[in-house]
Amino acid sequence: MSELENLDLECGVTLKLKAVKQTIVLEFISKLGRLDALMQGDTSEVTSNANPDTLINYIRLLNYFAGWGVTNQVPADARDELSMLGSGTRMIRSLWVRDIMTNAEISQLFAQLMALTFQENGQPESPEVLKAKIAQLEAEAKVS
Amino acid sequence: MQTEYTTEQGYNLLLSNVDRRLIDRLVVKRAPPEIPIRMVTTWGDVEEELPILDDPAYQTELIHYHLWLAKEQSVLLASAIKIVGSIDLSELDDFSQIGLFIPSLNAGLLCYMLDDNDRAAIIEIIMYQSTVTAQGISEAELAYNVEWLHKPVTAWRVPSIPAKLSLEYEARSVARNHGYTWPEFCALDGPDQSAEVCHSRLSNKLAWLEAEYERARKS
């Protein structure tokens with residue numbers, strides 16, 4: 001479990017993660033296509049080829065994960081700069097987290113937060129199992 | 001009827017009830033997805049219907065249905081929630097910024113801010129106070145304490161009729177038979193509505209048991 005709650009970034013920051021609300025995640029996923037590509041680390045596949053709705057919902061889900069699924073305090077200098085945008089605490093954290101992450105790390109953030117959020121009986125689903133489940137749900141959503 | 005409730009985060013709420021007619025309208029607005037079935041051959045070459053609960057298309061539809069129901073319930077039940085004291089609702093502004101639609105502060109609180117256990121408990125309390133519920137009927141059964149041949153009436157197996165009745169139909173029938181207009185019945189608190197429905201069900205069971213008793217006695 002502790003492995004999933006920490007995400008080490010190339011920039012030297014370790015993100016502390018916690019589970020978010022399943023209903024909110026599902027709300028974004030139900031409108032999102034190609035999450036399977038995201039979970040494989042291929043964010044360029046989504047951002048370059050996605051339709052506008054997919055992109056919008058991907059960014060919304062990323063903002064939710066980064067703002068609510070990360071518990072780190074935003075460094076003071078970054079907070080002062082971002083607060084000029086007039087956003088709330090969580091949006092500021094989201095913007096800071098997105099700013100310091102690579103695409104690969106964003107994909108890993110998705111995988112770990114999905115595993116933490118959709119755990120069963122106190123045990124988290126492994127990212128691989130979740131990726132498979134989400135890919136299947138999305139494929140079926142397209143068919144239906 | 002009102003209930004005080006404190007959430008996991010320490011929010012103090014006062015929960016009242018909603019008009020059951022609004023709940024009845026929500027129930028019929030959209031039905032849950034039908035469970036796909038498969039015919040299987042069992043022992044003795046008997047064909048049986050097997051529900052396929054893990055069918056991926058059904059699971060996807062179920063997720064969509066539950067998301068829709070959660071939002072509709074939150075909007076409906078928001079009017080029965082009163083916030084006591086102050087709650088920092090700035091998180092709802094953040095939710096709006098990431099694209100979640102917040103129809104009202106109370107609906108946003110119920111749908112997006114509360115812990116899942118709190119949300120379920122609050123919905124259960126408001127429904128119990130508003131309409132006929134299994135909990136209300138169980139409480140009435142215990143209170144009535146009706147027995148037949150030294151056994152609770154509810155423990156006797158009575159054949160069911162081959163008709164399928166909605167809960168609203170049953171409630172309207174009970175209201176009519178017990179001398180209420182429908183608006184009068186809807187104005188009763190949930191436990192009182194449940195008590196009336198429970199009384200009707202017990203009376204029907206007793207009538208059948210008495211008829212069977214007479215038939216056995218005469219034969």
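Predicted model only: the values in this text are computed from it and were never measured. In what follows, chains carry the letters A, B, and so on, assigned in the order in which the sequence lines appear, proteins first and then strands, with residues in each chain numbered from 1.
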Distance from [X] atom [atom1] to [Y] atom [atom2], nearest 0.5 Å?
| X | Y | atom1 | atom2 | result |
| --- | --- | --- | --- | --- |
| B:D94 | A:N63 | CG | CG | 10.5 Å |
| A:E27 | B:K71 | CD | NZ | 3.5 Å |
| A:M91 | B:D93 | CE | CG | 11.5 Å |
| A:L26 | B:H64 | CG | NE2 | 9.5 Å |
| B:R119 | A:K21 | CZ | NZ | 6.0 Å |
| B:D116 | A:T23 | CG | OG1 | 6.0 Å |

Does a sphere of radius 6.0 Å around [atom1] in [X] hold more than 12 heavy atoms from other residues, nucleotides or ligands, not counting ones at 6.0 Å or beyond?
| X | atom1 | result |
| --- | --- | --- |
| B:R176 | CZ | no |
| B:Y169 | OH | no |
| B:E47 | CD | yes |
| B:E124 | CD | no |
| B:K151 | NZ | yes |

Inset, instruction - Please state whether the rings of B:F95 and A:W68 are parallel, tilted or perpendicular, taking 30° and 60° as the class boundaries. - result: parallel
Inset, instruction - Taking all heavy atoms of A:F28 and all of B:L100, pick out the closest pair and write down the distance. - result: CZ-CD2, 3.7 Å
